[in-house]
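Here the structure is a predicted model, which means the values were calculated and not measured.
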Amino acid sequence: MSNWTTVTEFLLLGFSDTRELQILHFVIFLVVYLAALVGNLLVLTVVTTDHHLHSPMYYFLANLSILDLGSISVIVPKSMANSLLNTRTISYAGCVSQVFFFFLFYSADFAVLTIMAYDRYIAICKPLHYEVVMNRRACIQMAAGAWAAGAMYSAVHTGNTFSLPFCHSNIINQFFCEIPQLLKLSSSDTYRRELATLVFSAFLSLGCFAFIIVSYVQIFTTVWSIPSEQGQQKAFSTCIPHLIVVSLLLSTAVIAYMKPISDSPSLLDLLATVLYCVVPPLINPVIYSMRNREIQVALKQLLHRLILSKNNMHIFVL
């Protein structure tokens with residue numbers, strides 16, 4: 001029998017059956033979501049409105065902010081709504097959409113982070129070739145490639161997962177539709193095909209991570225030879241946050257997707273999922289953008305223009 005006729009909805013993990021704790025979960029996720037929303041929208045606004053930031057590094061930062069907004073918006077609002085409405089259900093179509101769009105944003109996010117490491121490598125290790133290598137056309141092609149690869153990668157995972165019959169249960173021990181949890185519900189031996197795809201994805205991600213590490217080893221080697229202490233600090237302030245973001249993203253995702261799935265809800269599963277789903281979109285604007293001096297200056301100028309225009313509007317009304 002087809003899985004479309006067997007399962008019409010799934011039951012997601014509730015953080016608690018106590019109404020007060022459900023409201024607390026809603027409030028915490030609301031604060032986190034709004035903080036991520038505001039932070040990433042500020043980065044997007046500053047990068048697009050300040051012509052001084054129209055460079056490859058900030059172009060990729062803007063793409064990263066869009067992807068972060070997408071990945072957190074796919075899962076957090078639904079979890080908030082379930083807590084507020086005291087329900088656990090998500091439709092079959094909603095679950096398919098969550099899996100597809102989350103994998104699209106997440107994989108494209110990691111691809112953009114890899115491209116950003118390459119951008120920093122060219123900028124610091126081969127500065128004379130930077131404008132030739134990282135020209136406008138090349139940047140657009142690399143960003144488009146990251147989005148296209150994310151879409152294809154997501155389509156493969158989503159197709160493999162939802163081609164399986166879900167006959168045993170429809171209870172997902174996670175607060176969103178996560179592929180390992182869905183595979184556990186399948187009664188078919190063909191789930192090994194998706195497991196093989198996940199293992200291949202893990203090796204691909206580790207390959208990207210190795211590329212990033214090699215790039216930064218060469219960057220740090222070059223930076224140490226810079227006589228200017230200010231130049232060293234600027235290079236490290238750009239590179240260290242990038243490494244932190246990538247390491248957090250990859251390590252928590254590997255834990256979530258490669259470790260055996262327990263039969264009951266696990267605190268480790270929940271913590272790993274929150275760390276790779278919710279935390280990066282929240283901290284990326286802070287540790288990767290807002291600590292950047294050029295973005296700080298552009299943000300202050302934007303706020304100054306907004307205040308000035310508001311005052312002028314007030315005077316005009318009077």
Taking the side chain as every heavy atom from C-beta outward, state whether [X] and [Y] have any atom pair closer than 4.5 Å.
| X | Y | result |
| --- | --- | --- |
| L182 | F162 | yes |
| Q181 | L185 | no |
| Q174 | L12 | no |

From [atom1] ([X]) to [atom2] ([Y]), nearest 0.5 Å:
| X | Y | atom1 | atom2 | answer |
| --- | --- | --- | --- | --- |
| I75 | F176 | CD1 | CZ | 5.0 Å |
| F103 | I179 | CZ | CD1 | 3.5 Å |
| N160 | L183 | CG | CG | 9.0 Å |
| F10 | T89 | CZ | OG1 | 12.0 Å |
| I172 | L13 | CD1 | CG | 10.0 Å |
| L64 | I115 | CG | CD1 | 10.5 Å |

- request: With side chain to side chain contact (heavy atoms under 4.5 Å, CB included) as the test, would you mind laying out the steps for I90 and E9 before giving the verdict?
  value: CA-CA 6 Å; I90 182 171; E9 65 179 17; over 6 Å; no
Can a donor-acceptor pair be found, under 3.5 Å and without considering hydrogens, that links the side chain of [X] to the backbone of [Y]?
| X | Y | value |
| --- | --- | --- |
| Y58 | V46 | no |
| S154 | F100 | yes |
| T158 | A155 | no |
| N135 | V132 | yes |
| N40 | L69 | no |

query: Side chains of S73 and Y33: do they bring a donor and an acceptor to under 3.5 Å?
result: yes
- prompt: Going by distance alone, is a donor N or O of one side chain under 3.5 Å from an acceptor N or O of the other, for D119 and Y130?
  reply: yes
- line: Between Q218 and C125, the two heavy atoms sitting closest are O-SG, 3.6 Å
For H54, side chain to side chain donor-acceptor pair (under 3.5 Å) partners two or more places apart: none
- request: Report the residues that fulfil side chain to side chain donor-acceptor pair (under 3.5 Å) with Y118, sequence neighbours left out, ordered by chain and then residue number.
  value: none
- prompt: When P56 is tested against each of M134, R136, E131 for side chain to side chain contact (heavy atoms under 4.5 Å, CB included), which residue passes?
  reply: M134
task: Any chance you could lay out the ring pair (Phe, Tyr, Trp, His ring centres under 6.0 Å) test for Y276 and F110, step after step, and finish with the verdict?
output: CA-CA 11 Å; Y276 84 86; F110 199 77; over 10 Å; no
Return a table of donor-acceptor pairs under 3.5 angstrom between the side chains of residues 141-153 and protein atoms on other chains or two or more places apart.
from, atom 1, to, atom 2, distance (Å)
W147, NE1, N63, OD1, 3.1
Y153, OH, H157, NE2, 3.4
Y153, OH, S201, OG, 2.8

Steps toward ring pair (Phe, Tyr, Trp, His ring centres under 6.0 Å) verdict (Y121, Y216): CA-CA 7 Å; Y121 163 74; Y216 278 111; 9.7 Å; no
- prompt: Hydrophobic clusters join Ile, Leu, Val, Met, Phe, Trp and Tyr when side-chain heavy atoms are under 4.5 Å apart, directly or via other members; which others share one with L128?
  reply: none
Show which side-chain atoms of residues 18-27 pair as donor or acceptor with protein atoms under 3.5 Å away, not counting sequence neighbours.
from, atom 1, to, atom 2, distance (Å)
R19, NH1, Q22, OE1, 2.9
R19, NH1, S83, O, 2.8
R19, NH1, L84, O, 3.4
R19, NH2, L84, O, 2.5
Q22, NE2, S16, O, 3.1
Q22, NE2, N86, OD1, 2.8
H25, ND1, S83, OG, 2.3
H25, NE2, S79, OG, 3.3

Disulfide bond (SG atoms under 2.5 Å apart) contacts in which one or both residues fall within residues 53-83, not counting sequence neighbours: none
